[in-house]
Amino acid sequence: MLSVEDLYAGYGAILALRGVSLQVKAGELVALIGANGAGKSTLMATIAGVLRPFRGQITFEGQSLLALSPEEIVRRGIALVPEGRRIFPSLTVAENLRLGAATRRDKAAVERDIEEMCTRFPILGKRFHQPGGTLSGGEQQQLAIARALMARPRLLMMDEPSLGLSPILVDEVFAMIRQLHKSGVTILLVEQNVERTLDIANRVYLLNTGRVECQGTPEQLRAQVDIVGAYLGDMWRGD
Amino acid sequence: MIGPLVILASVVHLFGGEVLQRILTVLFINLVMVLGLQIFMGNSGVVSFAQIGFMGIGAYASALFSMSPQAKAMALRNLYSWLVPVQVPFALAVIIGGLMAALVAALVGYPLMRLSGAAAVIATFALLIIVHTVLINWSEVTNGPRTLFGLDGYTTLWVSVAAGILFLLVALWFKETPLGLQLRASREDEAAAASIGIDIVWVRWVAFVLAAFITGVAGALWAHFITSFSPLAFYLPQTFLIISMAIIGGSASVSGAVVGALAVTAIFEGVRGIENALNIAAVFPFAVSGLTEVCLSIAMILILILRPSGIMGSRELRL
């Protein structure tokens with residue numbers, strides 16, 4: 001479904017990705033882990049079209065994404081839940097959801113999807129006419145995910161959805177991701193919380209200073225724990 | 001909101017003198033300009049200093065189409081010969097004024113809309129200066145820095161009231177359209193708006209062009225109220241006045257535009273009355289002038305300190 005080949009990208013003279021290749025197949029939950037500065041967010045930004053790569057190829061369902069604007073990439077079916085949630089705080093929950101469908105033209109179906117989001121995330125229905133900024137951190141994360149789903153993406157990318165949440169809410173968020181995946185959504189997940197991520201992912205890529213250090217199923221990665229642990233130090237033990 | 005405005009206009013029409021009627025007419029024309037500014041600045045969060053340039057374009061363009069050939073021969077000796085016999089009804093001339101302003105905004109707007117923050121302020125300010133320079137030097141159509149005269153006073157109190165209410169409804173409608181909502185989202189968080197597929201430059205551009213049209217219409221109405229004017233009317237004092245109305249009222253809401261236009265006009269006319277009284281009574285051994293600007297500035301500073309989002313903030317009054 002999504003295929004990244006030999007990608008080089010960065011900021012000015014700084015190279016953040018040095019030849020990254022990665023595949024996501026339909027229905028998979030693929031996780032991207034690695035320490036700060038490994039290049040995870042850069043990879044997300046490059047796939048989303050916010051950052052232009054120096055070299056390499058990104059294809060989605062057989063078509064190249066390289067020359068496309070971020071809007072066009074959303075239209076092709078890739079939605080991003082950005083790091084730090086980034087909901088619109090003074091707009092209502094309803095308006096936030098409606099904005100998620102900004103690239104869609106099918107009004108009636110959008111209204112139906114908004115109702116479905118309120119069923120799937122009941123708290124959003126309860127807070128429907130409240131400004132997004134009045135929601136708690138966990139509720140805002142649900143809103144951010146629901147907003148991304150409103151675009152009816154075929155691939156959902158999530159950038160550190162558990163960041164800055166209390167331990168109980170982290171449990172909730174991971175349960176939510178697992179459920180989304182079960183309902184058929186293809187997910188590319190960036191996380192720092194390695195243990196939890198290995199529990200729910202189909203396949204994992206470990207990034208280190210811009211390269212794929214190792215990849216495979218969670219079991220395969222766990223088998224290589226010694227090698228990996230050496231690179232990741234404390235972080236490997238999870239939070 | 002509309003009810004009280006109509007009642008205010010009716011009371012002034014029935015019981016107010018000539019002076020009060022003129023003040024109210026200008027108030028409603030200014031309201032149209034603040035609404036234009038609100039549509040762009042209020043929804044996008046990008047400050048524009050260029051609006052009064054569009055007012056000038058609307059004023060001159062409409063004048064060229066509404067004046068009689070005789071009046072043009074008197075006032076514009078070097079006018080292009082093909083433009084001299086052209087004369088259309090007032091309403092059409094006003095729309096042409098708005099369209100000309102919108103056309104200029106459409107052409108220069110696209111690169112400008114990529115800017116935000118201080119860069120946008122400086123770029124739109126530069127646009128105001130450019131428009132002003134063109135108006136002063138394009139003698140064929142503007143009579144240069146000299147006064148253009150001979151327009152007919154088509155804009156009555158009720159014409160300005162009708163325009164004020166019409167664009168009040170337009171501003172309220174625009175805010176809730178999908179495009180208006182996307183624009184407000186980009187004001188809140190540009191990166192997040194882009195990440196959900198909003199084309200920020202495009203939505204800003206549409207609002208900028210619409211706002212220029214409305215401001216151009218206001219300029220056309222003003223031109224046919226005052227009937228003689230020079231390019232100096234479309235420069236810094238007027239820019240300052242309109243922006244202070246938007247900021248004092250609160251630019252995030254349409255109601256803020258109404259409240260701001262009313263409040264600033266009240267301050268302005270009140271202080272001017274005091275100033276005149278002081279001068280006539282010769283309280284000081286010198287003539288007092290500039291009190292209005294001083295008071296407006298103080299009012300704006302107080303608002304920015306005490307209520308940075310303006311009197312209304314983002315609340316809307318009922319229609």
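Below, chain A is the first sequence line, B the second, and so on; all start at residue 1. All figures in this text were calculated on a predicted structure; none of them were measured in a lab.
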Self-check item: When A:Gly100, A:Ser90, A:Pro70, A:Ala48 are compared by non-hydrogen pairs under 4.5 Å with chain B, the top option
Solution: A:Ser90

Count the heavy atoms belonging to other residues, nucleotides or ligands that lie under 6.0 Å from [atom1] of [X], then report whether that count exceeds 12.
X        : atom1 : answer
A:Gln179 : CD    : no
A:Met44  : CE    : yes
B:Arg318 : CZ    : no

Quiz item: Given that the side chain runs from C-beta out, which part of A:Pro82 has a heavy atom under 4.5 Å from chain B: side chain, backbone, both or neither?
Solution: side chain

Quiz item: Considering only heavy atoms, which portion of A:Ala151 lies under 4.5 Å from any heavy atom of chain B: side chain, backbone, both, or neither?
Solution: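 Contact with chain B involves no heavy atom of A:Ala151 at all.
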
Quiz prompt | Side-chain heavy-atom pair A:Phe88, B:Ile196 within 4.5 angstrom cut-off | solution =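 Yes; the side chains approach each other to less than 4.5 Å.
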
Does any heavy atom of chain A fall under 4.5 Å from the side chain of [X], the backbone, both, or neither of them?
X        : result
B:Glu176 : side chain
B:Ala185 : both
B:Ala193 : both

Quiz prompt | Any donor-acceptor N/O pair, A:Glu95 side chain to B:Leu181 backbone, under 3.5 Å | solution = no

Least distance between heavy atoms, [X] atom then [Y] atom:
X        : Y        : answer
A:Arg147 : B:Ala192 : NH2-CB, 4.1 Å
B:Arg184 : A:Leu91  : NH1-CD2, 3.8 Å
B:Ala191 : A:Arg86  : CB-NH2, 3.2 Å
B:Gly197 : A:Thr103 : O-CG2, 3.5 Å
A:Val74  : B:Ser195 : CG2-O, 3.6 Å

